[in-house]
Amino acid sequence: MVDQEAASAAATVGSIAREVEEFVAAGGWQQPPQLFALVPTAELLSQQPELADSLDPDAELTPVAQDSLPNDDLAEALATIAWPELVQGCALAQEIIVLPPDAEEELPEVDESSGVSATDVERLKQAAAGHPQRTEARLVAAVLRDGPAACVMRLRGVRTGSDDAEPGEEIVEHPELAPNLVDALRATLLP
């Protein structure tokens, strides 16, 4: 029975990650990071019955968009977040740059022994953004308080098939696409 419950929770969080990505995708690209609280739908409807027409009453959890995150360091912003008990999980959508593994050699070197400075981070971001093999992507990571996580990434401008085909978008799903982000989101759910 425990395996079935774990599989159900994993399916739930995977579905929520896809739902959040589709919601954010409807707004197009060039969006700031967006944070969502995952709350029990039944509880949300009991507190706000006027939402009945816009929510799926059969959904176990509903993502609720939160206020904008500060424009500074995302890791620092997440480190300041604590959720009330009602929140059963959270999800974060953010746009990132993805580089192929061999492109790392072309990035500026950073001496990590003394920690990575804000200047180093900015240099790396600029180098990645200007790299000819970069792919823009939207990453959504979702975690539940009781453990399961899911990640969905929409890659933009991906070439598939022939060289003269228009670039399209590709969706990639795997719970370990962004382990550091998953860990940071899990930390926001700790008591």
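None of the values given here were measured: they were computed from a predicted structure. The residues of the chain are indexed from 1 along the displayed sequence.
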Could you tell me whether the side chain of [X] and the main chain of [Y] form a donor-acceptor pair under 3.5 Å?
X: Arg138; Y: Gln94; answer: no
X: Ser46; Y: Glu43; answer: yes
X: Ser8; Y: Gln4; answer: no

Only one of Leu92, Leu144, Asn180 forms a side chain to side chain contact (heavy atoms under 4.5 Å, CB included) with Leu185, so which one is it?
Leu92
Point-to-point distance, once rounded to the nearest 0.5 Å, from CD of Glu95 to CD of Gln31:
6.5 Å
For the atom pair CG (Asp183) and CG (Leu181), what is the distance rounded to the nearest 0.5 Å?
9.0 Å
Is [Y] reachable from [X] through a run of hydrophobic residues whose side-chain heavy atoms are each under 4.5 Å from the next?
X: Ile81; Y: Phe36; result: no
X: Val143; Y: Phe23; result: no
X: Val87; Y: Leu35; result: yes

Is there a side-chain contact between Ile171 and Val152 in this structure, where contact means two heavy atoms from C-beta onward sitting under 4.5 Å apart?
yes
Can you confirm whether Glu50 is buried at CD, in the sense that more than 12 heavy atoms of other residues, nucleotides or ligands lie under 6.0 Å from that atom?
yes
Please check if the number of heavy atoms outside Gln47 that lie under 6.0 Å from its CD is greater than 12.
yes
The side chain to side chain donor-acceptor pair (under 3.5 Å) partners of Glu173 (sequence neighbours excluded) come to Arg18
Check this for me: does any side-chain nitrogen of one of Glu169 and Arg156 sit under 4.0 Å from a carboxylate oxygen of the other?
no
Give the table of side-chain donor-acceptor pairs shorter than 3.5 Å for residues 59-68, with sequence neighbours excluded, one pair per line with atom names and distance.
| unit_1 | atom_1 | unit_2 | atom_2 | d |
| --- | --- | --- | --- | --- |
| Thr62 | OG1 | Thr41 | OG1 | 2.6 |
| Gln66 | NE2 | Val64 | O | 2.9 |

